[in-house]
Amino acid sequence: MPELPEVNTFQKYFEGTSLDQRIEAVEVHDAKIIRNLSGSEFIDRLTGRTFVGSYRRGKYLFAKLDNAEHLLLHFGMTGDLNYYAEPQERTKHERFVFHFDNGQHLGFDCPRKFARIQYIEDLAVYLSEIQLGEDALVITEADFVQRATGKTATIKGFLLNQSQVAGVGNLYADEICYQTGIHPGSRVNKLSSQQQSEIYHAMQRILRKAIERSAYYKDYPENWFWEWRKEGAPGPEGKGIVQRTKIAGRTTYFIEGVQVLY
DNA sequence: TGTGATGTTGAATG
DNA sequence: GCATTCAACATCAC
């Protein structure tokens, strides 16, 4: 689930539910996804604190604490937030939960444990240490094109590379390639700067639309790929054939005969 | 029952 | 240095 639009939805959910309530207790069921602290250290650091805001960059969500430090929530493939009142509303794969002083809870659910939770003392320092590109919605066209210039990677690989642009994942990368009529295996340096800027605008348009629909796939426009991601099926309007392959190590769908390989 | 899954990382390879 | 592939992480659903 969690690519940029999904994480944006998590952020809204977090801000709409979990701010300004003192964390009275923290319960850790499985500390595996907490990367830089033990379970008991995690409990010690968070107990008594209050969430006061958040910052999202790409798929990284930083929950801001009242001591100006942050908790990084990276959702991996299956992370999810669950704010609830009654204990029986607890989800099956809850890994830890904050008990707020108003009786509410914020649980972090993650069946596959690919999520990464990290306690960040200094956000600016952390961001300068990791290789994380500018957020896909924030990056300027000039910066995007400049980063693309000369790259020999496939366009799909480039879009997935979080150190170039942060936020695009496997599904949206396919959608961007589809909507620009470009084969996902095309080399970035074979594309004109005009095409690179078309990709930039498609990326922003698609992510914005997805956010507007709260990353709820069923509400996406009918001509998006959700409707046609089936190998061997005819493409939209009967043009071309849906192909499934592997590009940049990820399962990739595109329409043979419609998306041009450069 | 086997296969693959919306993410990231590190090692190995070209 | 750059790009790609693969394995690993752990679990579930088809």
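These figures come from a predicted structure and were not determined experimentally. Naming convention: chains lettered A, B, ... in sequence-line order (proteins, then strands); numbering from 1 in each chain.
When the P atom is compared between C:dC6 and B:dT3, the two are found 16 Å apart, to the nearest whole Å. Across the P atoms, C:dA10 and B:dG10 are found 16 Å apart, a figure rounded to whole Å.
Between the NZ atom of A:Lys246 and the C1' atom of C:dA7 there is a distance of 11 Å, given to the nearest Å. Atom-to-atom, CD1 of A:Ile117 to C1' of B:dT8 comes out at 14 Å; the value is rounded to the nearest Å. Between A:Met77 atom CE and B:dG4 atom P the separation is 13 Å, expressed in whole Å. Taking atom CD1 of A:Ile130 as the reference point, atom P of B:dT9 lies 8 Å away to the nearest angstrom. When rounded to the nearest whole Å, the span between CD1 of A:Ile34 and P of C:dA10 equals 15 Å. Taking atom CG of A:Leu72 as the reference point, atom P of B:dT8 lies 11 Å away to the nearest angstrom. A:Tyr253 has its OH atom 12 Å from the C1' atom of B:dT6, to the nearest Å. Summarising the geometry, the separation between CD1 on A:Ile247 and C1' on C:dT4 is reported as 12 Å, rounded to the nearest angstrom.
Nucleic acid contact class of A:Arg35 (heavy atoms, under 4.0 Å, all strands): none. Residue A:Lys92 is in sugar-phosphate contact alone, with no base atom involved, counting any heavy-atom pair closer than 4.0 Å across all strands shown. Within 4.0 Å (heavy atoms only), A:Lys32 reaches sugar-phosphate atoms of the nucleic acid but no base atom. Residue-level contact check: A:Ala248 touches the backbone only, with heavy atoms under 4.0 Å from sugar-phosphate atoms and none from bases.
Nearest to the side-chain atoms of A:Lys113 among the listed nucleotides B:dT9, B:dT6, C:dT11 stands C:dT11. Here the nucleotide nearest the side chain of A:Leu171, chosen from C:dT11, C:dT4, B:dT6, is B:dT6. Residue A:Arg244 has its side chain nearest to B:dG4 when only B:dG7, C:dA3, B:dG4 are considered. Proximity note for A:Thr152 (side chain, C-beta onward) versus B:dT6, C:dC2, C:dA10: the nearest is C:dC2.
Ring centroids of A:Phe98 and A:Phe51 are separated by less than 6.0 Å, placing the two rings close together. For A:Tyr178 and A:Phe254, the ring centers are positioned 6.0 Å apart or more. If you look at A:Phe10 and A:Phe75, their ring centroids are closer than 6.0 Å.
With a cut-off of 3.5 Å on both pairing distances, the Watson-Crick or G-U wobble partner of C:dC9 is B:dG7.
A salt bridge (charged side-chain N to carboxylate O under 4.0 Å, His left out) with A:Arg49 is found for exactly one of A:Asp20, A:Asp44, A:Asp66, namely A:Asp66.
Phosphate proximity of C:dA13 to A:Arg112: absent, as no side-chain N or O sits under 4.0 Å from OP1 or OP2. Listed pair A:Thr78 / C:dC12 fails the phosphate criterion, with no side-chain N or O lying under 4.0 Å from OP1 or OP2. OP1 or OP2 of C:dT4 has not a single side-chain nitrogen or oxygen of A:Arg250 nearer than 4.0 Å. Look at A:His74 and you won't find any side-chain N or O under 4.0 angstrom from OP1 or OP2 of B:dG7. Contact annotation: A:Lys59 side-chain N/O to B:dG7 OP1/OP2 distance is under 4.0 Å. In this model, the phosphate group of C:dA10 is not approached by any side-chain N or O of A:His93 to a distance below 4.0 Å at OP1 or OP2.
Under the 3.5 Å distance criterion, the side-chain polar atoms of A:Arg56 are matched with a main-chain donor or acceptor of A:Gly58. Proximity of a side-chain donor or acceptor of A:Arg57 to a complementary backbone N or O of A:Gly133 within less than 3.5 Å is detected.
Applying the 5.5 angstrom centroid cut-off and the 30 degree plane-angle cut-off, the aromatic ring of A:Phe114 is not stacked upon the base of C:dA10.
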